[in-house]
Protein chains: 2
Amino acid sequence: MTTIKDVAQRAGVAPSTVSYVLSGSRKISEDTRRTVQQAIDELGYHPRASARTLRSTRTNVLALALPRVAGGYRAVDGRFAIEISDAARAHGYDVLLMTAQEGVPGLRRIARSGQADAAILMAVEMDDPRIAAMLELGFPAALLGRSADDAALPWTDLDWEAAATLAVRELAAAGHRDIAYLATTEREIQAQRGYAIRGLAGARRAAPETGADVRVHQSTGDMARLARRIGTLLHGERPPTALVVQHVAALPHILAAVAAEGLRVPEDLAVVAVGNLPDDLGGQDLPRVELPVPEMSAAVTRLAAEAIATRTQGTSPTPPGHLLIPPAFVPGPRIAPPGPRAANA
Amino acid sequence: MTTIKDVAQRAGVAPSTVSYVLSGSRKISEDTRRTVQQAIDELGYHPRASARTLRSTRTNVLALALPRVAGGYRAVDGRFAIEISDAARAHGYDVLLMTAQEGVPGLRRIARSGQADAAILMAVEMDDPRIAAMLELGFPAALLGRSADDAALPWTDLDWEAAATLAVRELAAAGHRDIAYLATTEREIQAQRGYAIRGLAGARRAAPETGADVRVHQSTGDMARLARRIGTLLHGERPPTALVVQHVAALPHILAAVAAEGLRVPEDLAVVAVGNLPDDLGGQDLPRVELPVPEMSAAVTRLAAEAIATRTQGTSPTPPGHLLIPPAFVPGPRIAPPGPRAANA
DNA sequence: CTGTTAGCGCATTCAT
DNA sequence: ATGAATGCGCTAACAG
């Protein structure tokens with residue numbers, strides 16, 4: 001392996017000179033700078049990260065804590081991981097992936113061994129034990145998702161409550177009075193995921209606000225049961241003319257179930273998605289409120305970087321920043337007004 | 001930060017003794033071992049990774065090189081990333097995520113700065129420039145996907161050629177004589193992705209082998225064009241009674257297009273998927289040849305670990321290992337025989 | 001000012 | 001079981 005000494009020798013200078021050329025933390029005459037740079041290029045020298053880190057206590061690495069995969073794989077996690085990795089590079093960081101099936105202990109290990117400068121926690125729950133762990137360790141962290149305590153750590157999230165309300169409001173504006181809201185799965189709700197809880201809250205709030213009849217249903221990961229549930233849902237005494245789907249992973253199944261009931265979308269049933277991934281609607285072009293993956297990824301990365309800078313400066317405890325992203329409605333094909341079926345009710 | 005010296009002091013021994021207790025690479029009297037362990041626990045000591053690495057030249061990190069995202073995000077990449085991360089932990093490695101939009105230079109940076117012990121290359125192309133780079137750097141690597149040169153680096157892959165052939169063979173066995181094969185996108189084929197090229201080859205080989213008429217079509221990422229292409233495809237003079245889909249990301253769209261043509265699956269058109277993600281068929285329960293994500297992830301991680309061990313031992317150049325995974329057919333609902341439409345032809 | 005020397009950061013491992 | 005050398009780069013203090 002080629003070291004800074006090799007470069008120094010080849011350039012006929014002292015190792016420290018090479019270091020200064022590299023860091024630019026001191027003025028070096030243009031002459032020697034060129035000589036040194038040439039030696040670096042010729043030898044293909046790259047400073048050893050471990051040596052640097054040992055000296056500086058900075059790794060330029062962010063730990064990305066994915067959720068423990070209790071309910072199987074969620075496409076959204078992979079998407080965020082990749083997007084965050086890109087964002088991190090733009091800030092000069094690499095990303096260490098932690099499929100935190102190890103949970104808190106895994107994060108402890110990384111933090112205490114100094115393998116990262118900060119952590120980004122994904123799939124945050126309302127009362128997430130990882131948050132307390134980060135605070136206790138004094139380890140900088142940023143949350144992808146909003147926990148119960150907005151002031152604990154910096155965070156970013158889509159405003160899920162507003163998103164759910166917005167979806168309903170758009171339907172109401174198109175004339176729908178009987179609206180079904182298919183929330184996330186029971187599992188996610190029981191796990192107290194912020195997006196699940198807040199989406200539910202937003203859906204419930206929408207009824208009084210719009211005057212429409214909004215019936216909220218939880219979803220399930222069991223596709224057979226889900227199909228039955230949808231069948232039931234569509235055959236109440238005042239059947240809905242519109243459906244909001246927050247459980248977007250099941251969208252293809254849901255649309256298939258709707259079709260199986262003999263209903264056409266959107267003529268017989270208007271469908272709006274909430275929180276789908278950009279470019280991934282399961283084969284349909286629906287009106288929707290998309291998950292702002294790029295914005296959230298950029299924001300959480302920036303917040304993590306800021307948390308590192310803040311800690312490094314040892315400044316007085318700055319209140320953690322945050323970014324609550326307002327939902328944006330994408331009309332897609334225009335929302336259909338209530339269909340002929342509405343008359344039957 | 002607490003260091004090995006702090007522990008030594010508290011335990012009343014020399015730092016080296018603590019080190020030996022930790023590594024177990026030498027016998028320590030039970031007495032002192034307990035004293036030291038207690039000091040470690042009380043102080044919550046964890047060895048600094050950078051110091052360890054500096055000394056030992058081992059990072060216990062694998063670099064995971066994701067494809068540059070030319071054609072947008074592919075769900076399969078995220079899935080593999082997560083699965084590989086889990087597999088790596090089982091081998092004692094952490095995973096550094098490289099969204100290699102930086103490509104070869106990014107890998108160079110990681111390799112030369114000593115941030116990882118080996119690389120796992122995803123989305124390998126037939127003639128992938130990263131392979132030459134790894135060899136030139138003498139950096140251990142394993143491939144997720146099969147390149148043109150089987151002997152360059154260790155690799156694992158689904159046997160895509162056999163998978164495509166198998167799908168066609170199963171349809172032929174159910175009586176289908178007119179089979180359409182919808183391959184991957186033109187983009188992937190032009191990028192010379194191994195799975196795309198080999199899937200094509202397998203589809204073409206299936207015709208002579210089964211005696212069926214197998215017409216091969218390339219797919220496209222443009223969903224409007226894809227729908228048109230499918231319409232055309234279904235209305236030839238001898239319309240197919242069965243369709244094999246390797247472009248599984250578009251499966252929902254494809255099924256929607258088929259439905260739009262007034263055809264029912266599987267009564268009018270039998271559909272088989274090739275290379276879909278486990279638990280992700282876009283809402284349908286189709287017969288299929290799944291992508292063996294867990295097996296491939298485990299294999300590529302093992303191969304990377306072996307490559308590290310081999311190099312560390314400085315053994316004579318062991319021929320790189322590999323694992324070509326035979327395709328497994330999942331019947332799903334039984335394949336329908338050719339429908340009434342066949343008679344019309 | 002520009003360049004050099006020396007010491008530090010932390011864990012490992014060979015001699016003693 | 002211990003002291004000392006080692007791996008590599010950074011930077012404060014010093015010299016020209």
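So that the names make sense, note that chain A is the first sequence line, chain B the second, and so on, each numbered from 1.
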- Query: Quick one: are A:F80 and A:L144 in side-chain contact, heavy atoms under 4.5 Å?
  - Reply: yes
- Item | Spatial distance of atom CE (A:M126) from atom OH (A:Y195) [nearest 0.5 Å] | 13.0 Å
- Message: Can you give me the first and the last nucleotide of DNA chain D (5' to 3') that has an atom within less than 4.0 angstrom of a non-hydrogen atom in chain B?
- Response: D:dA1 to D:dC8
- Message: Across nucleotides 7-14 of chain C, 5' to 3', mark each nucleotide with B, S or - according to how protein heavy atoms within less than 4.0 Å reach it.
- Response: BBBBBBBB
- For the residue pair A:I325 and A:L158, what are the closest heavy atoms and their distance? O-CD1, 3.5 Å
- Message: Categorize A:T32 for me: base, sugar-phosphate, or nothing, with a 4.0 angstrom heavy-atom threshold over every strand shown.
- Response: sugar-phosphate
- Can you tell if the side chain of B:M98 reaches within under 4.5 Å of the side chain of B:L64, non-hydrogen atoms only? no
- Message: I want to check something: taking the side chain as every heavy atom from C-beta on, are A:L324 and A:D150 in contact at a cut-off of under 4.5 Å?
- Response: no
- Message: Using side-chain heavy atoms (C-beta onward) and a distance below 4.5 Å, is B:L291 in contact with B:R79?
- Response: no
- Message: Could you check whether B:T99 and A:S85, counting side-chain N and O atoms only, form a donor-acceptor pair closer than 3.5 Å?
- Response: yes
- Close side-chain approach of A:R58 and A:I308, heavy atoms under 4.5 Å: yes
